[in-house]
There are 2 protein chains.
Amino acid sequence: MATIYQVAERAGVSLSTVSRVLNGRKTVNAQLREKVEKAVQELNYRPSSVARSLANNRTDSIGVLVAELHTPFFGEMMQAIEMTLRAQDKHVIISVGHNDLAKELDAVEFLISRNCDALILHSEAMSDKDLVKLQSRLPISIINRHVPELHEACFCLDNEAGGYRATRHLIAKGHRNIAYISGPACKADAMQRLAGHKRALQEAGIAFSDAFHFEGRFKEEDGIEGLKTLLARDIEFTALVCANDWMASGAMSCARDLGLRLPEDLSIVGFDDVVIAHHVYPKLTSVCNPIYQMGEMAAKCILNKVYNQKHQLQHLYDAELVLRDSVNLV
Amino acid sequence: MATIYQVAERAGVSLSTVSRVLNGRKTVNAQLREKVEKAVQELNYRPSSVARSLANNRTDSIGVLVAELHTPFFGEMMQAIEMTLRAQDKHVIISVGHNDLAKELDAVEFLISRNCDALILHSEAMSDKDLVKLQSRLPISIINRHVPELHEACFCLDNEAGGYRATRHLIAKGHRNIAYISGPACKADAMQRLAGHKRALQEAGIAFSDAFHFEGRFKEEDGIEGLKTLLARDIEFTALVCANDWMASGAMSCARDLGLRLPEDLSIVGFDDVVIAHHVYPKLTSVCNPIYQMGEMAAKCILNKVYNQKHQLQHLYDAELVLRDSVNLV
DNA sequence: TTGTAGGCGTTATCAG
DNA sequence: CTGATAACGCCTACAA
């Protein structure tokens, strides 16, 4: 690999001049510039990003922490981040945290040890305090979580509004008895979605009852277990909202196994609108989680903070309902 | 950030000694070693990976080129790669190629400009020649594609065997009239899968006919269009194999729209066994593409080549059939 | 076993 | 506008 010295030598100038033309400085004689460019061509010279990083203390790389990589949600997120960052010649280094505190912290240290200029995090296990502390070490942006002290760094969905929309839609379709399978009580987004559900009920003058509520952990199996549990209770319902699509899919296959017709016997609404929502049968009406946009914004936030760009930022995202075939008029 | 100088000063030794203990050299006095370690602790010193890279001409980072990130297949692959590489303290830099030659080449240059030690590629657009040329620049490993000159770097599925298994299964269930929706003729894996299908037919004494074949491009819509087209032809069939799960899902929803009962009126087999196979209805019998393992192997191949490790490598993968509910006995 | 000195490839400062 | 020269932080002969 050619170095800047060799280019300088070939062009008959000093290496400072080469550095200048490489970095697009205006203050260089046109003739010399041409000579340098020619030499660069001939030697097929490529600057060493490592040496450059050492000299100016910037790596142009951004670390991204995700819970998992093999799930559609994170795929969308990564795609958005990679595309917007690469368009600005920034590199994306990934690291997975597996929803485990120790592993997340380890992943973060790993990323920092690589001298990332900044971090984008989708963390479930770290505490708010951890995140605040982290920001004092390097710029970060946070997806899908709101940390009050770090508001300008957070990009999240209006989960409450989403929960509200899902249930209001069912009510508008004539449903009055609506069951709800939520995510775990320890997760803020799960509770916000549930709160939205309750608000919609209240607005329609329907009392919320714990009997209609099952708490899952966002997994497909929880949808199955949840529906079974609800059906075994002494209640009747014509509709079910699930706090994510995986549970909704589980509930659907369970319902079918139990001989229920969908959506005639049971209307179902999901949440997140991940890819499976299009593929289950009937196609699932679901609240959209615009993760792509959020990933893009988180990346732009970093571009603003670290590289002095000036992108317009939006921190809170609307959770629109995507209508498909899983809800029946009653 | 503390530097190695400061550690040396605090420990009262030279920086070479610090460097030695940091790199685990045995040839250093126990007392000094302790002093150094103490100083490292106290200063919370972390070596600069950038400076280290510059000095020893290695970045410990591997570039990965994928077509897209937002699809389950690549998610699995990335997860596998990230996990096996990070276990060895190597970093993963991602770059997406969007199935476009210019963009893939651009992505590769981008990765190389970052001084990656090696590349892992899932390339659809680059030619064999491009890949051979690339390998002369830096170590690479290739997923899901066989380049004869680069055999030891390739990790792929036995697509022919997979196609064979899918069709043989249907034949074993009594089907004789089996339609096939393939991937595009320009893709090697698509043609191999089709070849396997033909072999199974031949083995059973069933003649292959173009009338039973529709060529798609691996998209959901192609499954829809394909089934419609096949049904419009003057033929009868009780089973359909689709060269991937997306087309299978499309065919399923199309079949249902047309009033066919699944699997009573039409048995369907998919390919790749991506996540949606579990979520469509009825759950889809599909040929498994062990992308996770392949990703892991591609990563280990790099570890062997670049970092002198000695992992056992497997280059060709078996395509097992995963039985679910989409095939009927006739 | 330990320390000194030079090099890795750039950028940045400061004279000229 | 151009060219020495000193960082940047670490590694590694080589010398002591």
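To find a chain, count down the sequence lines: A is the first, B the second, and so on, and within it residues start at 1. The structure displayed is predicted, hence computed values, not measured ones.
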I'd like to know if [X] pairs up with [Y] as an ion pair, taking the criterion as any Lys NZ or Arg NE/NH1/NH2 lying under 4.0 Å from an Asp or Glu carboxylate oxygen.
X: K38(B); Y: E42(B); answer: yes
X: E109(B); Y: R114(B); answer: no
X: E296(B); Y: K300(B); answer: yes

Any idea how H151(A) and H146(A) line up, ring-wise: parallel (<30°), tilted (30 to 60°), or perpendicular (>60°)?
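H151(A) vs H146(A) ring planes: perpendicular.
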Whole-Å gap separating C1' (dG9(D)) and CG (N115(A)):
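From N115(A) CG to dG9(D) C1': 10 Å.
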Round to a whole Å and report the spacing from CG of N57(B) to C1' of dG9(D).
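Distance check: N57(B) CG to dG9(D) C1' gives 16 Å.
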Reading nucleotides 6-16 of chain C from 5' to 3' and marking B where a protein heavy atom lies under 4.0 Å of the base, S where only the sugar-phosphate is that close, and - otherwise, the string is -BBBBSB----
Point-to-point distance, once rounded to the nearest 0.5 Å, from CG of N56(A) to CG of L54(A):
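It is 9.0 Å, given to the nearest 0.5 Å.
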Pairwise distance CZ(R145(B)) to NE2(H122(B)) - rounded to 0.5 angstrom:
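Reported to 0.5 Å precision, the distance equals 10.0 Å.
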Hey, mind stepping through M126(A) and V108(A) against side-chain contact (heavy atoms from CB on, under 4.5 Å) and telling me if it holds?
CA-CA 10 Å; M126(A) 292 172 71; V108(A) 165; 4.2 Å; yes
Establish, yes or no, whether the cationic atom of K90(A) lies under 6.0 Å from the six-membered ring centre of Y307(A) and within 45° of the ring axis.
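Yes, K90(A) lies over the aromatic ring of Y307(A).
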Five-pair end axes of the helix from dT1(C)-dA16(D) to dG16(C)-dC1(D) and the angle they enclose, rounded to 10°:
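About 40° separates the two local helix axes.
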